[in-house]
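Right, one structure below, let's go through it.
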Amino acid sequence: MSRYSLLLLTALVFSLNSLAQNSFEFGFLPSINLNKGLPQDWSLNLKTESRQSIAKQQFSYEYLLTDISIAASKKIGINTSIAIGYLARVDENSLKNRAMQQITFIKRYPGFRLAHRLLTDQTFAKDDDAEFRLRYRISTEIPLQGSSLDPKEFFAKLSNEYLNSLQGKSYDMEIRWASFIGYAISPANKIELGFDYRIDSFVEGDSRNRLWLSLNFFTSF
Amino acid sequence: MRTIPIFFILILLALPGLAQLKYEKETRVKRGDIPNVALNFVDSVNFGSRIKWYKEFGLDTIAYEAKTKSSGKRYSIKFLQDGSLVDVEIEVKPNEIPDETYSAITKYLANKHNKYSIEKIQIQYTGDSALILEFLQSKGSDSDLVINYEIVISSKVDRSYTMLEYLFSSKGEFIYELQIVLNRTENIVY
């Protein structure tokens, strides 16, 4: 089976699985990532991501929120980097503040790259208990036109993330799967299009299922 | 194609003082795109495993490369556009290099880098293509071949982590050093 067929099948399985669950939402999740390399292996990442719902039981457009984040990262090994960051989540009625800390390990294999990310975050909002999360994500980037990704070539990106959340006395787990087709426009620019499926609230009660059509743009300068 | 040298020159200007950069762009190609001489060479080895063919664009050269894994070893066989053999590289472990050679190589690297880690070692065979073919077919020895060792290390250079490719002779003498341009990773980090 070709890599393209496998990705299409993955996306289809996610979609069908979602439709059969308790609650379902479908929407858009575009993001822009700006990255600036700094001396001595430091770098800055500025990201903005918008969330828009177009179907929740029935079709209806609704703007949900926008995330704006900044992270400072330092490479502490050829394959390892640490980062701290701040995220502001803005919706029509509230502002949430989130602090983030992460460590990432990237391993280069012949034909693909594998990244492990361990992330903790703490979210604070007026009138809400603080939320503490511990997250682990594994993701891979697979060049589709060679053994390494070069400019003007397509790639696939797959990821799976587990998010443990503690808010007040309430524990929840969220699981995410994502599959993307990407294109390396140049050494500093990549674009990705794909599906990001998320399920949560299944530990206690009815599960909540969300499927986002994501369009990500990464640029470095 | 014109963008490749321009990209290379921009990087050179942006990173003065570092080792010469290694730039290669490779793309997967089909058997039908490969010169017959090269196809015949690889087919004659009888690897017994799937061969993947790539077209490799260097700064001023275009080459074809066959990659495969056979008997637990990774092989790369490079040809020029006319099908003539450039070299054969086989990935090996440190204990597959003669002790004296390995000692000379690690001594050189230790003198040059405070702390480094070996990421990959390949034995590189060049010379008469008929003799190399006989060697790959286990019909001849490597005694008449030119043997070099290509070693990729990670190290900290000018306070930044980087990967470097070295070539050493069969006696462990330094031949060249190239800095590998690493692909960006933001899309799997954030």
Side-chain angles (χ1 to χ4, degrees), chain A residues 31 33-35 37 39-43 45-47 69 71 73 75-81 83 85 102 104 106 108 110-111 113-117 137-141 143-153 155 157 159 180 182 184 186-192 216-220, chain B residues 1 3-4 6-8 10-11 14-15 21-30 50 52-58 65-69 73-76 91 113 115-120 122 152-164 180-190:
Chain A
S31 77
N33 269 268
L34 306 175
N35 298 282
Q40 297 180 26
D41 282 339
W42 282 92
S43 64
N45 170 266
L46 186 67
K47 178 180 179 181
S69 67
S73 170
K75 217 169 168 181
I76 58 168
I78 189 73
N79 298 317
T80 311
S81 61
Q102 72 176 48
T104 313
I106 296 176
R108 294 166 177 82
R113 293 192 296 181
L114 197 63
H116 302 272
R117 186 184 76 176
R137 186 181 74 185
I138 184 167
S139 50
T140 183
E141 181 190 80
L144 297 175
Q145 290 166 271
S147 61
S148 62
L149 184 63
D150 296 312
K152 316 265 184 235
E153 289 185 353
F155 63 93
K157 190 176 93 173
S159 71
F180 294 92
S186 70
N189 297 289
K190 287 178 186 171
I191 192 163
E192 303 171 344
N216 304 325
F217 177 65
F218 295 84
T219 187
S220 307
Chain B
M1 282 305 299
T3 57
I4 292 171
I6 291 171
F7 166 66
F8 179 76
L10 286 175
I11 287 179
L15 300 168
L21 296 176
K22 178 182 183 179
Y23 179 76
E24 280 175 358
K25 172 181 161 61
E26 63 174 18
T27 188
R28 188 87 183 267
V29 289
K30 294 174 182 169
R50 186 181 174 205
K52 290 180 180 175
W53 285 96
Y54 299 89
K55 191 171 185 179
E56 196 176 274
F57 302 91
E65 193 162 28
K67 293 185 180 180
T68 190
K69 193 174 180 183
K73 289 189 182 298
R74 292 186 186 281
Y75 291 76
S76 299
E91 198 170 329
H113 302 275
K115 195 177 172 186
Y116 70 91
S117 172
I118 292 178
E119 304 285 335
K120 187 166 80 167
Q122 288 177 297
V152 175
I153 68 159
S154 57
S155 179
K156 214 168 181 180
V157 176
D158 294 337
R159 296 185 175 183
S160 292
Y161 285 98
T162 190
M163 289 181 99
L164 297 155
I180 296 172
V181 179
L182 296 174
N183 283 333
R184 305 199 69 91
T185 57
E186 287 87 359
N187 68 322
I188 49 175
V189 169
Y190 294 106

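Everything numeric in this text was worked out from a predicted model, so none of it was measured. Convention: sequence-line order gives letters A, B, ...; per-chain numbering from 1.
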Options B:Arg74, B:Glu119, B:Lys156, ranked by heavy-atom pairs under 4.5 Å with chain A, top entry: B:Arg74
Donor-acceptor under 3.5 Å (A:Asn33 side chain, B:Tyr190 main chain): no
B:Thr27 side, atom OG1; A:Lys152 side, atom NZ - distance, nearest 0.5 Å: 13.5 Å
Region of A:Gln40 in contact with chain B, defined by heavy-atom distances below 4.5 Å: both
A:Lys190 and B:Glu186: CA distance, side-chain angles, deciding distance, salt bridge (charged side-chain N to carboxylate O under 4.0 Å, His left out) verdict: CA-CA 10 Å; A:Lys190 287 178 186 171; B:Glu186 287 87 359; over 6 Å; no
Residue B:Lys67 versus chain A: region with a heavy atom under 4.5 Å: side chain
Donor-acceptor pair, side chain of B:Lys25 and main chain of A:Pro151, under 3.5 angstrom: yes
Close side-chain approach of B:Asn187 to A:Phe180, heavy-atom, < 4.5 Å: no
Part of B:Glu56 lying under 4.5 Å from any heavy atom of chain A: neither
Part of A:Ser147 lying under 4.5 Å from any heavy atom of chain B: both
Toward chain A, the part of B:Ser117 with a non-hydrogen atom under 4.5 Å: neither
Validation row: B:Val189, A:Gln102 side chains within 4.5 angstrom (heavy atoms): yes
Part of A:Ser148 within contact of chain B (heavy atom distance under 4.5 Å): both
Which of A:Ala115, A:Ser220, A:Ser139 touches chain B most, by non-hydrogen pairs under 4.5 Å: A:Ser220
Minimal non-hydrogen separation, A:Arg113 against B:Arg184, with atom names: NH2-O, 2.8 Å
Part of A:Ile106 lying under 4.5 Å from any heavy atom of chain B: side chain
Side chain, backbone, both or neither of A:Pro39 within contact of chain B (heavy atoms, under 4.5 Å): neither
Min side-chain heavy-atom separation B:Leu182-A:Ile78 under 4.5 Å: yes
